[in-house]
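Notes to accompany the following structure.
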Amino acid sequence: MMSVRVRFAPSPTGNVHIGNIRAAIFNWLFARHEGGKFLLRIEDTDRERSTDEAINTLLDCMEWLGLDYDEEPIYQSRLTERHLAVAEELLAKGAAYHDNKGGDKPCVVFRMPTEGRVEYHDLVKGKMGKKAEDTTDFVIVRSDGTPVFHLANVVDDIDMGITHIIRGDDHVENTFRHIELFKALGATPPQYAHLPMIVNNQGKPYSKRDGAAFVGEFKEQGFLAQALFNYLTLLGWAPGDDREVMSRDEMVAVFTLDRCKSSAARFDMKKLTWMNGEYIRNTPRDEYAAIFSERLREAGLLSDDFPQQTLEGIIDQMQVRTRLYNEIPGNCSYFFTDNYQFDEKAVNKRLRGEGVAELLLEIAKRFEALPVFDLESTNATLVELGERRGTGLGAMVHPVRVAVSGMAEGPGLFELLVLLGRETVCRRLTRVAGEIGAI
RNA sequence: GCGCCCAUCGUCUAUCGGUUAGGACACAAGGUUUUCAUCCUUGUAAGCGGGGUUCGAUUCCCCGUGGGCGCGCCA
């Protein structure tokens with residue numbers, strides 16, 4: 001049994017599209033499951049776009065996602081002579097011919113069969129085929145003497161000993177051509193598996209206009225590599241049981257191509273975000289703490305003299321509530337500065353009511369008078385006041401939360417108050433009481 | 001236009017002829033007159049249409065419909 005060799009063959013343009021990286025992930029999973037090799041071939045024949053920077057971006061993305069490859073990357077641009085030699089071979093065999101429909105110099109065109117059928121068995125789509133008369137000849141060497149994708153792709157796959165080609169749906173038509181190319185070159189065509197496209201809300205291929213479309217953008221927005229990897233794996237594939245959040249080892253253990261779907265999958269940012277939150281909650285606390293602090297320092301909110309114990313308490317409260325690392329500064333700036341933003345809806349709902357200013361001042365006064373300012377005492381204060389006024393605890397809690405944090409969400413109120421400290425809480429309550437109309 | 005492919009809750013999916021069609025996201029309600037960006041419970045919600053094959057079709061076949069992809073010098 002020949003051992004599996006698959007490849008990821010991106011053209012380095014500076015951005016790696018999620019559709020492409022999903023194909024890379026599936027290749028990687030397949031190789032690891034089969035105990036085969038996962039190879040990287042950089043199709044850098046477009047010298048204009050294939051800069052060193054673009055190649056480094058590509059390599060960074062793969063490293064970030066943990067897509068380790070098994071042999072030195074192949075750079076297609078260095079193989080041009082080989083491609084052209086093969087074109088000559090095809091010409092000599094009569095499998096290709098010169099043509100100059102373009103007008104200027106002739107190009108080399110590969111001859112497709114004219115009778116019979118071109119068929120292959122797709123590992124995810126099943127039996128595929130079309131009549132030879134429905135196929136058309138195609139250019140393999142441009143009139144400027146450079147090899148075209150089809151030729152280079154097939155020649156390299158032969159030379160690299162590729163056994164399985166796992167790629168996007170949009171290559172199905174090319175497959176009929178490529179198979180004939182393999183045959184004309186006396187090579188056995190590899191096995192093919194075509195993955196469904198990742199589409200947007202309109203069912204069109206997912207592009208930059210639909211939001212983050214490149215791996216780098218997800219990284220920048222604070223998505224975890226593991227979460228993106230896991231989410232993408234579930235687009236067009238399922239383990240067969242009810243598992244969704246899975247470790248890499250689990251996925252490798254059960255990944256097979258026959259469990260891939262053949263219909264397009266819609267990209268759902270909400271589910272990815274949820275999954276990212278799952279991964280963040282499962283991140284070791286130390287690791288989360290480091291990232292948390294880093295993000296706040298970047299935002300200019302955390303200084304070195306911030307009390308460590310308080311910071312630890314904030315981290316405990318925030319880790320379970322973080323879905324995206326980028327949300328961190330915006331979601332808890334109030335812990336670090338008096339200059340926090342007020343959410344307009346929350347203000348309107350909780351602070352605009354009659355008597356709220358007076359209430360906040362009353363609460364501040366009672367907090368000042370407490371012997372100790374902790375969870376129990378602050379809680380008791382508001383419960384008692386709520387009873388005394390006959391309005392209940394809710395009428396106390398919400399205005400206080402919005403006043404001291406500016407938002408309607410966050411840690412439990414009493415945890416929040418204790419972390420902020422009596423001084424800060426009272427200062428804010430007093431200030432907000434005086435400025436309600438101006439907020 | 002021609003060719004190829006696809007079709008289960010709003011979304012991602014399970015089901016490989018017999019299920020009360022399951023799970024997850026999202027949404028809604030409750031726990032909670034202390035919030036949700038956490039947690040628990042519950043709920044709403046699906047087989048594109050028409051023919052066959054079969055004792056029985058979401059599942060197999062055909063025809064429609066809808067969508068995607070491709071159609072000689074992008075990759």
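Throughout, protein chains are lettered first and strands after them, A, B, ... in sequence-line order, and every chain is numbered starting at 1. These numbers come from a predicted model, not from an experiment.
Of the residues in residues 134-143 of chain A, those placing a heavy atom less than 4.0 Å from an atom of RNA chain B are D134(A), V139(A), R142(A), S143(A), in numerical order. Within a heavy-atom distance below 4.0 Å of RNA chain B, the residues of residues 397-406 of chain A found are V397(A), H398(A), R401(A). Contacts between residues 206-237 of chain A and RNA chain B, defined by a heavy-atom separation under 4.0 Å, are made by L234(A), L235(A), G236(A).
In terms of modelled atom types and a separation under 3.5 Å, the side chain of R401(A) and the main chain of M396(A) share no donor-acceptor contact. Side chain of R323(A) to backbone of T273(A): no donor-acceptor contact under 3.5 angstrom is found.
In terms of position along RNA chain B, the nucleotide closest to R323(A) lies nearer the 5' end than the nucleotide closest to the other residue of the pair F149(A) and R323(A). Mapped onto RNA chain B by nearest heavy atom, C332(A) and R243(A) fall at different nucleotides, with R243(A) at the one closer to the 5' end.
Of all nucleotides listed (A24(B), A75(B), G3(B)), G3(B) comes nearest to the side chain of K130(A).
In the interface, the side chain of N331(A) is paired with the base of A37(B) through a donor and an acceptor atom under 3.5 Å apart. Remark: the R321(A) side chain and the C36(B) base include a donor-acceptor N/O pair separated by less than 3.5 Å.
The shortest distance between side-chain heavy atoms of S11(A) and D46(A) does not fall below 4.5 Å.
A distance of 9.0 Å separates OH in Y279(A) from CH2 in W274(A), rounded to the nearest 0.5 Å.
Using a 4.0 Å cut-off between a side-chain N of Lys or Arg and a carboxylate O of Asp or Glu, D169(A) and K125(A) qualify as a salt bridge.
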